[in-house]
Amino acid sequence: MRGVQYWLLKSEPDVFGYADLERVGVEPWNGVRNYQARNFLRAMEVGDLALFYHSNATPAGVAGVARVVRAAYPDDLQFDSGSAYFDARSSALEPRWSMVDVAPVQAFPRVLSLAEVRALPAWAESPLVQRGTRLSVLPVTALQFRAALEAVGVSSGAW
DNA sequence: GCCAACGTTGGC
DNA sequence: GCCAACGTTGGC
């Protein structure tokens, strides 16, 4: 048995923010169209925890914690010709894109801004804070995860 | 709104 | 298979 893995998921709050996740309960994380990000989605397992990051926001930063409640399966939007995420190269037999289902775990009492994340020593090596990286799904170390929670005074004891 | 960085596309 | 053009991301 391996332990829980940690991730960071980016979303634009104008489109779908942490409050929306709390409202809907479970959300398919569809629309990822980058191979590296897709591969991280496929590496996720039920029970993994993810920092929910608000991009293109003021401030940009971590808004809460989510949990993976279903492992990777084919992204439905790749088959939907009416969707911006439609991919004609995908077929039911050979789907190109994957999604996982996530559920809310804990809203942060305030957004942990990117500037604050940058200032945390544990995060120095993360792609999140490196210039020019645009990955929307990325792995987080246990140390980074803990540092983020600590910075906003959240305890994982209840979950 | 600007623009740097980067991934993808497509002509050759 | 190269690489210029283009589109997108995302902080500021």
Side-chain angles (χ1 to χ4, degrees), chain A residues 5-24 27-44 48-68 72-102 104-141 143-154:
Chain A
Q5 300 175 111
Y6 301 96
W7 309 92
L8 182 142
L9 297 170
K10 289 185 189 173
S11 184
E12 301 192 14
D14 289 350
V15 180
F16 190 87
Y18 193 80
D20 296 304
L21 183 62
E22 290 187 316
R23 182 171 46 77
V24 300
E27 177 72 3
W29 207 260
N30 52 23
V32 171
R33 294 294 179 271
N34 169 283
Y35 287 106
Q36 203 180 348
R38 180 204 68 182
N39 292 342
F40 287 136
L41 286 177
R42 289 181 175 176
M44 291 181 184
D48 283 359
L49 295 168
L51 298 173
F52 194 113
Y53 181 89
H54 284 173
S55 61
N56 266 325
T58 308
V62 181
V65 176
R67 194 191 318 273
V68 176
Y73 61 108
D75 181 332
D76 50 358
L77 297 182
Q78 70 194 307
F79 307 121
D80 176 0
S81 61
S83 166
Y85 297 107
F86 176 68
D87 190 337
R89 301 163 302 182
S90 280
S91 68
L93 281 180
E94 286 188 68
R96 186 169 296 231
W97 305 110
S98 300
M99 61 184 178
V100 298
D101 287 354
V102 298
V105 172
Q106 171 81 60
F108 277 7
R110 62 180 182 84
V111 170
L112 177 65
S113 73
L114 178 58
E116 291 176 282
V117 173
R118 242 181 243 290
L120 298 173
W123 282 82
E125 302 297 315
S126 171
L128 182 72
V129 304
Q130 277 162 18
R131 186 181 170 78
T133 306
R134 302 175 312 181
L135 260 188
S136 63
V137 179
L138 51 113
V140 162
T141 67
L143 200 65
Q144 288 164 351
F145 187 81
R146 209 174 320 129
L149 262 56
E150 234 168 62
V152 289
V154 166

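Every heavy atom of this structure was used, including side-chain atoms; hydrogens, water molecules and symmetry mates were not. Lettering follows sequence order; numbering is per chain, from 1. Since this is a predicted model, take the numbers as computed values, not measurements.
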J.: State which of C:dT9, C:dG11, B:dA4 makes the closest approach to the side chain of A:R131.
T.: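 Nucleotide nearest to A:R131's side chain: B:dA4.
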J.: Rounded to the nearest angstrom, tell me the gap between atom NZ in A:K10 and atom P in B:dC6.
T.: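 Checked: the NZ to P distance equals 12 Å.
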J.: Which one, C:dC12, B:dT8, B:dA5, comes nearest to the side chain of A:Y35?
T.: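 Selected nucleotide: B:dT8.
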J.: Does A:Y53 place a side-chain N or O at less than 4.0 Å from the phosphate oxygens OP1/OP2 of C:dT9?
T.: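 The answer is no; no side-chain N or O of A:Y53 sits under 4.0 Å from OP1 or OP2.
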J.: Once you apply a heavy-atom cut-off of 4.0 Å, does A:R89 come out as touching a base, just sugar-phosphate, or nothing?
T.: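 Sugar-phosphate, backbone atoms only, no base.
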J.: Give a yes or no on whether A:E125 atom CD has more than 12 heavy-atom contacts from other residues, nucleotides or ligands under 6.0 Å away.
T.: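 No, the 6.0 Å shell around CD holds no more than 12 heavy atoms from other groups.
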J.: Could you tell me the separation between the CG atom of A:D14 and the P atom of C:dG10, rounded to a whole number of Å?
T.: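 About 14 Å, once rounded to whole Å.
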J.: Mind checking whether A:Y35 and A:W97 have ring centres under 6.0 Å apart?
T.: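 Yes: the rings meet the under 6.0 Å criterion.
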J.: Measure the distance from CD on A:E12 to P on C:dG10 and round it to the nearest whole Å.
T.: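 Answer to the nearest Å: 7 Å.
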J.: In whole angstroms, how far is the P atom of B:dC6 from the CD atom of A:Q36?
T.: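 In whole Å, B:dC6 P and A:Q36 CD are 12 Å from each other.
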J.: Are more than 12 heavy atoms from other residues, nucleotides or ligands located less than 6.0 Å from atom OH of A:Y85?
T.: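 No, not enclosed.
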J.: Round to a whole Å and report the spacing from OH of A:Y85 to P of C:dG7.
T.: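 Rounding to the nearest Å, OH of A:Y85 and P of C:dG7 are 17 Å apart.
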J.: Rounded to whole Å, how long is the line connecting atom CG of A:N34 with atom P of B:dC6?
T.: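 Taking atom P of B:dC6 as the reference, CG of A:N34 is at 13 Å.
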J.: Using whole Å, what does the distance between atom C1' of nucleotide C:dG11 and atom CD of A:Q130 come to?
T.: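 A:Q130 atom CD is separated from C:dG11 atom C1' by 15 Å.
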J.: Output yes when a side-chain donor or acceptor of A:Y53 lies under 3.5 Å from a complementary backbone atom of A:V137, and no otherwise.
T.: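 Side chain of A:Y53 to backbone of A:V137, a donor-acceptor pair under 3.5 Å: no, none is there.
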J.: Just the rounded figure in Å: distance from P of C:dG10 to CG of A:L138.
T.: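 My rounded result for the distance is 10 Å.
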